[in-house]
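The structure under discussion appears below in the form of structure tokens.
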Amino acid sequence: MTRRAPDLEEVSVVIVGSLNPGIFHPEWFRRQEILAPAEAEKAMIKIVSPEVTEIQFLDMKLDVFSTRLVLETKDVSRAEKLQDIVVNILAKLPQTPVTACGINNAIQFDLNDESYWHKIGHTLAPKDLIWEPLLQKPGLATMMIKGRLTENFVGDINVTVAPSAPTTKLTHGLFISSNYHFPVPQDDSATPHSERVVKFIQEMWKPALEMARSVGYRILDQIKPDK
Amino acid sequence: MPSSVTTTASTSLGKWRLSSAERPTVVHLAVDAHIVGPGGTVTLIEVKAGTKTTPSEKRPMLVPRVIEQTASNQFGFMLLQKWDGYVIEADEETFSAHLIDSQGVLQPHDATFSRAELPKEEQALVSAGTPFVWTIGYRQIGATRERASVIYFRRLPAWTDREISNGARAGENLAKAVGWE
């Protein structure tokens with residue numbers, strides 16, 4: 001059965017560590033052969049400075065601060081390109097101490113049905129036991145469920161379910177995001193094993209990009225609209 | 001205890017609102033101020049805490065930055081199908097490839113692509129064994145939606161000496177474990 005595709009989607013990778021924002025210039029990406037010359041030439045620079053860098057290329061947005069790098073795109077046709085860019089950045093900067101990494105995927109479905117939208121919120125977070133005696137018209141604003149990463153990495157999977165924001169123009173939208181969070185293990189001298197991050201990104205990429213979908217499809221399968 | 005370090009990005013797909021349509025909308029904007037320029041350009045002044053989406057973040061960076069709202073990176077993509085592929089053989093006009101459904105639902109198959117499907121910078125990367133991704137979906141440009149097929153080659157870093165020697169060692173150990181003569 002062909003599944004309904006999400007109406008909106010976004011992918012991002014967050015690297016937490018000790019970074020030098022000033023080096024992340026499109027020219028650096030070109031010289032390191034992370035971007036093709038034509039791709040680097042088309043990059044848009046908002047700011048490149050020792051404190052903060054923000055550039056855009058290939059419909060991706062890169063933010064770098066001294067403690068955090070975020071590469072994100074709404075063009076999920078290029079999700080693996082984003083993955084390759086992050087892996088290449090880490091490969092070119094092997095001495096960078098990375099203390100945590102997150103692979104994030106956010107999807108949204110336009111339900112276009114107000115009563116179904118409420119039904120999902122009330123099923124995920126029933127209001128009668130606690131909230132109805134205390135609040136008028138209680139509604140689910142956001143729900144985060146945490147699980148554990150398994151296999152070769154110790155970390156968390158954080159899943160958030162919420163109504164879509166008005167800015168999305170989805171009148172009754174369902175927002176689901178997943179965050180595969182990997183705190184990088186450290187040795188006795190508190191030096192992080194940063195080389196594990198590339199492995200984490202490569203091995204957990206697919207499951208990380210499937211989790212939000214799996215949650216979304218399970219919600220839509222298990223909670224049906226009233227006839 | 002939950003970690004105080006978050007690795008969630010602030011999603012521009014938006015913050016959430018309350019599920020009752022009659023309630024006032026609460027939007028936790030990361031933007032602190034916006035300035036509308038004479039040409040209608042909106043400049044957003046954002047505090048760096050905007051990159052965190054969880055309340056557990058205790059120490060937001062307070063580096064102001066200016067973000068101009070532009071039409072770029074506003075194009076969403078509704079993903080219908082993704083194939084992981086690798087090139088089997090190539091000639092001047094076409095290349096044939098083996099394709100595996102990224103979600104493992106559809107059967108693997110072979111296909112032939114015209115090189116013209118590729119952007120110029122990607123064409124130089126076509127050679128036997130090269131991995132690539134083929135996505136099919138709808139590209140959303142404002143209120144318009146158009147069918148799109150996107151092919152790009154993976155640009156993975158070269159194997160390091162350490163990875164090669166680790167791989168060789170793993171292969172030797174596997175061969176010994178199998179016990180072949």
Side-chain angles (χ1 to χ4, degrees), chain A residues 5-10 12 14 16 36 38-39 44 46-47 51-52 54 56 59 61 63 65 67-68 70 72-78 80-81 84 87-88 91 99-102 104 106 108 114 117-118 121 137 139-142 146 158 162-168 175 177 179 181 183 210, chain B residues 2-3 5-23 25-27 48 51 53-54 61 63 65-68 70 72-80 82 84 102-103 105 119-122 124 133 135-140 148 150 152 154-158 160:
Chain A
D7 294 285
L8 296 172
E9 187 164 3
E10 192 169 299
S12 68
V14 176
V16 178
E39 294 167 345
M44 288 167 55
K46 296 290 174 70
I47 182 169
E51 293 81 26
V52 58
E54 182 183 334
Q56 292 181 1
D59 281 331
K61 182 163 155 291
D63 286 303
F65 317 103
T67 57
R68 177 175 288 247
V70 182
E72 60 189 339
T73 186
K74 279 190 251 181
D75 180 358
V76 293
S77 70
R78 298 177 194 269
E80 278 68 26
K81 215 174 217 346
D84 290 351
V87 166
N88 275 296
T99 52
C101 173
N104 304 294
Q108 305 204 47
E114 184 174 350
W117 187 59
H118 285 302
K137 296 191 175 177
L140 173 67
T142 178
K146 184 184 285 287
N158 302 301
S164 296
T167 50
T168 61
F175 171 100
S177 73
N179 164 238
H181 176 80
E210 282 168 13
Chain B
S3 164
V5 176
T6 60
T7 52
T8 49
S10 73
T11 170
S12 51
L13 291 185
K15 305 295 177 186
W16 14 94
R17 63 173 166 161
L18 304 171
S19 63
S20 168
E22 293 170 38
R23 291 177 62 82
T25 300
V26 176
V27 182
K48 287 320 319 144
T51 56
T53 57
T54 56
M61 284 180 63
V63 180
R65 66 170 177 167
V66 175
I67 306 171
E68 285 180 11
T70 65
S72 66
N73 96 338
Q74 298 298 308
F75 302 155
F77 190 87
M78 186 189 280
L79 181 65
L80 299 177
K82 185 192 293 184
D84 294 314
S102 181
Q103 294 197 313
V105 176
K120 212 172 183 178
E121 54 269 24
E122 297 280 319
V133 175
T135 52
I136 300 164
Y138 294 113
R139 190 170 301 286
Q140 293 165 189
V150 180
Y152 55 89
R154 304 299 302 270
R155 294 184 198 170
L156 301 166
T160 62

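Per chain, numbering begins at 1; letters A, B, ... match sequence-line order.
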Heavy-atom contact with chain B under 4.5 Å, split by part of [X]:
X       : result
E80(A)  : both
A100(A) : both
S77(A)  : both
A36(A)  : both
V76(A)  : both

Inset, instruction - Count the heavy-atom pairs under 4.5 Å between each of P6(A), A38(A), A91(A) and chain B, then report the option with the highest count. - result: P6(A)

Legend entry - Proximity breakdown for T7(B) and chain A, heavy-atom pairs closer than 4.5 Å: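 Contact with chain A involves both backbone and side-chain atoms of T7(B).
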
Legend entry - K120(B), part contacting chain A, at a heavy-atom distance under 4.5 Å: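 Nothing of K120(B), per the 4.5 Å heavy-atom cut-off to chain A.
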
Inset, instruction - Could you tell me whether the side chain of T135(B) and the main chain of K82(B) form a donor-acceptor pair under 3.5 Å? - result: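 Checking the backbone N and O of K82(B) against the side chain of T135(B), no donor-acceptor pair under 3.5 Å is found.
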
Legend entry - Backbone N/O of G76(B) and side chain of Y138(B): donor-acceptor pair under 3.5 Å: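 Flag not set: sc Y138(B) to bb G76(B) has no pair under 3.5 Å.
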
Inset, instruction - Apply side-chain hydrogen bond (donor to acceptor under 3.5 Å, both in side chains) to S12(A) and N104(A), showing your working. - result: CA-CA 5 Å; S12(A) 68; N104(A) 304 294; 3.3 Å; yes

Inset, instruction - Would you please name every residue forming a salt bridge (Lys or Arg N to Asp or Glu O under 4.0 Å) with E121(B), sequence neighbours left out? - result: none

Legend entry - Contacts of R78(A) that satisfy salt bridge (Lys or Arg N to Asp or Glu O under 4.0 Å) - sequence neighbours left out: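 Partners of R78(A) by the salt bridge (Lys or Arg N to Asp or Glu O under 4.0 Å) criterion, ordered by chain and then number, come out as D75(A).
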
Inset, instruction - Could you tell me the separation between the CG atom of D63(A) and the CZ atom of R68(A), rounded to the nearest 0.5 Å? - result: 10.5 Å

